[in-house]
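One structure is given below, encoded as structure tokens.
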Protein chains: 2
Amino acid sequence: MATERPDLAAMLYPLVRELIALELPVLAAHDVSMWGYSVLTALDDTPVRTQAALAEAIGADKSRIIGTLDELQKAGLIERTPDPADRRVRLLSITPLGRRVRRAVRKEIQAQEEQVLATLAPADRKTFLRILQQFHASR
Amino acid sequence: MATERPDLAAMLYPLVRELIALELPVLAAHDVSMWGYSVLTALDDTPVRTQAALAEAIGADKSRIIGTLDELQKAGLIERTPDPADRRVRLLSITPLGRRVRRAVRKEIQAQEEQVLATLAPADRKTFLRILQQFHASR
DNA sequence: GCTTACGATATGCGTATGCCTACTATTGAT
DNA sequence: ATCAATAGTAGGCATACGCATATCGTAAGC
């Protein structure tokens, strides 16, 4: 049976808070919002998609995502092209600039994350990352 | 060097979202808010404290925590007694009822968490929990 | 052709958040 | 005795969120 321990959320939430605090300055330096970065990440990993599908994929609200897309488009980081096959649909794609920004941001963010990961023993660090990727891939 | 991987927050946040979704019905069933549960947990683990210290401990706003304390007090889950030594201070303590509620909630929450933890191999599960507790204890 | 369904968009509502100010009672130092 | 600092409390303000609804153009089945 389980040993006495705090709830998972109680342990994870402060960690996430700390990680977000580490991310914010990086995002601000690149003029990208959290949602914007989330969109760039999703588009870089999976090229085209409808906006509704994108919203669902990143856990955002379908109607609230539009301002984010507007900003990204205006900054030249993504493109919204009407689908010739279904003119209701806007095909989303990341631009080369968007890709560069996304990767630069990710690199800096992961550098910040070292402050957290460095506290783990090498074997633990490896296991931890593997488990998280497993969770991430399975949902 | 680091293998290509999503950001920690990108992997952790969906997980936390899922865990919170599992918690909410449990909390609702016991008529306790998330902040309320957070307060009960803090007080059960460390008996007395001033409200300001409590707020800081659970990462809440000093002024926004008051409604939560009012509710908990009204429900008989905590007590606020003036400190005889410094009458500005209200000493906070969890009541026996509060303790029972907190522990019942935690038990049910951790039962829900099994849906997440059960996907891990036994060794991974053990390591994962150990790492999280390590993070949790270190901040 | 007409009706129904769907994608993108805009907007409103209720609520929660972080941050900040102000007020009262009380303390502690001068 | 006076004054600055502190704990708890209350409230305002700007922002963000999830949820719901409405509109408009388009698509597809009948």
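Labels below follow one simple rule: chain letters A, B, ... track the order of the sequence lines, proteins then strands, and each chain is numbered from 1.
Among residues two or more places apart in sequence or in another chain, the side-chain hydrogen bond (donor to acceptor under 3.5 Å, both in side chains) test is passed with B/Ser63 by B/Asp61. Contacts of B/Arg80 classified as side-chain hydrogen bond (donor to acceptor under 3.5 Å, both in side chains), with partners at least two apart in sequence or in another chain: B/Gln51, B/Asp70, B/Gln73.
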Using the salt bridge (Lys or Arg N to Asp or Glu O under 4.0 Å) rule, take A/Arg103 and A/Glu108 through it: C-alpha gap first, then chi angles, then the decisive distance, then the call. CA-CA 9 Å; A/Arg103 295 186 181 185; A/Glu108 291 177 37; over 6 Å; no
Check step by step if ring-ring contact (aromatic ring centres under 6.0 Å, His included) holds for B/Phe128 and A/Phe135. CA-CA 12 Å; B/Phe128 185 60; A/Phe135 278 135; 5.7 Å; yes
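Taking atom CD1 of B/Ile20 as the reference point, atom P of D/dC17 lies 15 Å away to the nearest angstrom. Atom P of nucleotide C/dG7 and atom NZ of A/Lys62 are separated by 8 Å, given to the nearest angstrom. A straight line from CG of A/Leu91 to P of C/dG7 spans 13 Å, rounded to a whole angstrom. Between B/Met34 atom CE and D/dC17 atom P the separation is 17 Å, expressed in whole Å. A/Ile66 has its CD1 atom 13 Å from the C1' atom of D/dA22, to the nearest Å. As a whole-Å value, the separation of B/Arg90 CZ from C/dT24 P is 16 Å. A/Glu56 has its CD atom 13 Å from the P atom of C/dA8, to the nearest Å. When rounded to the nearest whole Å, the span between CD1 of B/Ile78 and P of D/dG8 equals 12 Å.
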For nucleotides 15-19 of chain C, print each protein N/O atom paired with a nucleotide N/O atom at under 3.5 Å, atom names and distance only.
unit_1	atom_1	unit_2	atom_2	d
C/dT17	OP1	B/Trp35	NE1	2.5
C/dT17	OP2	B/Trp35	NE1	3.3
C/dG18	OP1	A/Arg17	NH2	2.7
C/dG18	O6	B/Arg64	NH2	2.3
C/dC19	N4	B/Arg64	NE	3.3
C/dC19	N4	B/Arg64	NH2	3.4

Got a list of protein N/O to nucleotides 27-30 of chain D N/O distances below 3.5 Å?
unit_1	atom_1	unit_2	atom_2	d
D/dA27	OP1	A/Arg87	N	2.9

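A/Leu43 and A/Leu91 fall into different hydrophobic clusters, where Ile, Leu, Val, Met, Phe, Trp and Tyr are joined by side-chain heavy atoms under 4.5 Å apart, directly or via other members.
The neighbour count for B/Glu56 CD, taken as heavy atoms of other residues, nucleotides or ligands under 6.0 Å away, does not exceed 12.
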For DNA chain C, the dot-bracket notation using Watson-Crick and G-U wobble pairs below 3.5 Å, [ ] for pseudoknot-type crossings and | for other-strand pairs, is ||||||||||||||||||||||||||||||
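Residues A/Glu23 and A/Gln112 fail the side-chain proximity criterion, which asks for heavy atoms closer than 4.5 Å. Within the 4.5 Å cutoff, side-chain heavy atoms of A/Asp86 are placed close to those of A/Val89. Contact of the A/Val101 side chain with the A/Tyr37 side chain is not registered, since no non-hydrogen atoms from C-beta on lie closer than 4.5 Å.
The residues A/Asp45 and A/Arg102 are annotated as salt-bridged, a charged nitrogen and a carboxylate oxygen being separated by less than 4.0 angstrom. Between B/Arg88 and B/Asp83 no salt bridge is recorded (no basic side-chain N to carboxylate O distance below 4.0 Å). For the pair B/Arg5 and A/Glu113, the salt-bridge criterion is met [side-chain N within less than 4.0 Å of a carboxylate O].
Heavy-atom distances under 4.0 Å link DNA chain D to no residue of residues 68-77 of chain B.
Looking at every heavy atom in both residues, B/Pro6 comes nearest to B/Met11 through O-CE, 3.5 Å.
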